[in-house]
Participant: 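What follows is a structure written as structure tokens; I'll ask about it next.
Values in this document were obtained by computation on a predicted structure and should not be read as measured data. Labels below follow one simple rule: chain letters A, B, ... track the order of the sequence lines, proteins then strands, and each chain is numbered from 1.
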Amino acid sequence: DQQVKQNSPSLSVQEGRISILNCDYTNSMFDYFLWYKKYPAEGPTFLISISSIKDKNEDGRFTVFLNKSAKHLSLHIVPSQPGDSAVYFCAASGWDTDKLIFGTGTRLQVFP
Amino acid sequence: DAEITQSPRHKITETGRQVTLACHQTWNHNNMFWYRQDLGHGLRLIHYSYGVQDTNKGEVSDGYSVSRSNTEDLPLTLESAASSQTSVYFCASSVDRSYGYTFGSGTRLTVV
């Protein structure tokens with residue numbers, strides 16, 4: 001039972017355009033959400049997070065949107081750069097735990 | 001600088017052998033986690049620990065065990081390696097979920 005789902009295994013975007021990565025979750029107890037970025041042969045690195053009391057959080061070119069009623073979050077990257085090419089994982093956590101449940105990942109390719 | 005290191009980076013073992021993967025962090029984090037990454041499944045939680053002498057099972061704990069005798073280390077043991085345990089294993093540590101996890105670089109394990 002996959003509690004966190006990323007339905008798009010891959011995404012290809014032209015440099016300079018917007019990349020939108022999507023994530024859906026099923027557990028209504030989740031109240032904290034994170035995005036991680038992973039390059040080949042490296043561990044995932046933290047990118048951006050959002051608490052359920054917010055619906056948007058920005059950090060430079062990265063913005064995460066949360067729609068609690070739809071149990072959906074998205075990561076926007078504007079403008080996309082070739083160095084953004086990586087696998088992106090969304091993750092979620094419940095209020096009573098520090099463990100994270102990860103999605104299956106989306107491979108983003110940004111081409112010139 | 002504080003870091004989290006995993007060893008070995010690569011390991012090939014035979015079916016039925018006991019294998020231990022090491023994870024060592026110098027962040028002084030109480031929380032430590034083991035995940036495995038497989039295509040189509042993303043990152044799945046194996047075991048986790050919130051402090052010395054504390055261990056908990058994750059989503060895919062069968063065939064794995066951990067022990068936490070100090071703050072710095074959380075070794076992962078495969079009691080009797082199986083081909084289904086061929087995967088990339090990541091260790092992570094955290095203060096709490098709001099700061100995200102810091103991941104190691106991973107151990108690629110092949111069971112033949």
Participant: Using every non-hydrogen atom in the two residues, find where B/Gly100 and B/Ser94 come nearest and quote the distance to one decimal.
Facilitator: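 Closest heavy-atom pair between B/Gly100 and B/Ser94: O-CB, 3.3 Å.
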
Participant: For the candidates A/Asp98, A/Thr104, A/Ile101, which exhibits the highest count of non-hydrogen atom pairs separated by less than 4.5 Å from chain B?
Facilitator: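 Top option by heavy-atom pairs under 4.5 Å: A/Asp98.
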
Participant: For A/Tyr32, is it the side chain, the backbone, both or neither that has a heavy atom under 4.5 Å from a heavy atom of chain B?
Facilitator: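 Looking at A/Tyr32, backbone and side chain both touch chain B.
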
Participant: Using non-hydrogen atoms and a 4.5 Å limit, figure out which bit of B/Gln37 sits close to chain A: side chain, backbone, both or neither.
Facilitator: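 Just its side chain gets close to chain A.
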
Participant: Would you mind telling me which of A/Gln6, A/Glu42, A/Lys38 has the largest number of heavy-atom pairs within less than 4.5 Å of chain B?
Facilitator: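 Heavy-atom pair counts peak at A/Lys38.
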
Participant: Under a single-linkage definition using a 4.5 Å side-chain heavy-atom cutoff for Ile, Leu, Val, Met, Phe, Trp and Tyr, are A/Trp35 and A/Val13 assigned to the same hydrophobic cluster?
Facilitator: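 Same cluster.
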
Participant: Taking heavy atoms only and a threshold strictly under 4.5 Å, list by residue number the residues of residues 103-112 of chain B that touch chain A; give 'none' if the list is empty.
Facilitator: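 Residues in range: B/Phe103, B/Gly104, B/Ser105.
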
Participant: Among B/Glu59, B/Lys57, B/Arg36, whose side-chain contact (heavy atoms from CB on, under 4.5 Å) with B/Leu45 holds?
Facilitator: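 Among B/Glu59, B/Lys57, B/Arg36, the one that satisfies the side-chain contact (heavy atoms from CB on, under 4.5 Å) with B/Leu45 is B/Glu59.
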
Participant: Report which part of A/Leu100 has an atom under 4.5 Å of a heavy atom belonging to chain B: side chain, backbone, both, or neither.
Facilitator: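 Interface part for A/Leu100: both.
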
Participant: Given that the side chain runs from C-beta out, which part of B/Phe90 has a heavy atom under 4.5 Å from chain A: side chain, backbone, both or neither?
Facilitator: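 The answer is the side chain of B/Phe90.
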
Participant: Measuring heavy-atom distances to chain A, does B/Asp96 have an atom under 4.5 Å in its side chain, in its backbone, in both, or in neither?
Facilitator: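 Backbone plus side chain of B/Asp96, per the 4.5 Å heavy-atom cut-off to chain A.
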
Participant: Using 30° and 60° as the class limits, which term best fits the ring planes of B/Phe33 and B/Tyr35: parallel, tilted or perpendicular?
Facilitator: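 The rings of B/Phe33 and B/Tyr35 sit tilted, inter-plane angle from 30° to 60°.
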
Participant: Could you tell me if the ring centre of A/His76 sits under 6.0 Å from that of A/Phe62?
Facilitator: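 Here the rings of A/Phe62 and A/His76 have centres that are no less than 6.0 Å from each other.
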
Participant: Measuring heavy-atom distances to chain B, does A/Thr97 have an atom under 4.5 Å in its side chain, in its backbone, in both, or in neither?
Facilitator: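 For A/Thr97, heavy atoms of backbone and side chain both lie under 4.5 Å from chain B.
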
Participant: Ion pair present between A/Glu58 and A/Lys56, side-chain N to carboxylate O less than 4.0 angstrom?
Facilitator: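 Here A/Glu58 pairs with A/Lys56 in a salt bridge, since their nearest N and O are under 4.0 Å apart.
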
Participant: Parallel under 30°, tilted from 30 to 60°, perpendicular over 60°: which one fits the rings of A/Tyr36 and A/Phe46?
Facilitator: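 Perpendicular.
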
Participant: Can you confirm whether B/Ile4 sits close enough to B/Cys91 that some side-chain heavy atom of one is under 4.5 Å from a side-chain heavy atom of the other?
Facilitator: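 Of all side-chain heavy-atom pairs linking B/Cys91 with B/Ile4, at least one is under 4.5 Å.
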
Participant: Where on A/Pro44 is there a heavy atom nearer than 4.5 Å to chain B: the side chain, the backbone, both, or neither?
Facilitator: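 It is both, since atoms from each part get that close.
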
Participant: Hey, mind stepping through B/Asp54 and B/Arg68 against salt bridge (charged side-chain N to carboxylate O under 4.0 Å, His left out) and telling me if it holds?
Facilitator: CA-CA 7 Å; B/Asp54 175 75; B/Arg68 187 88 181 272; over 6 Å; no

Participant: Using only atom types and a distance under 3.5 Å, with no angle test, would you say the side chain of A/Asn57 pairs donor to acceptor with the backbone of A/Ser49?
Facilitator: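 The answer is yes, because a donor-acceptor pair under 3.5 Å joins these two groups.
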
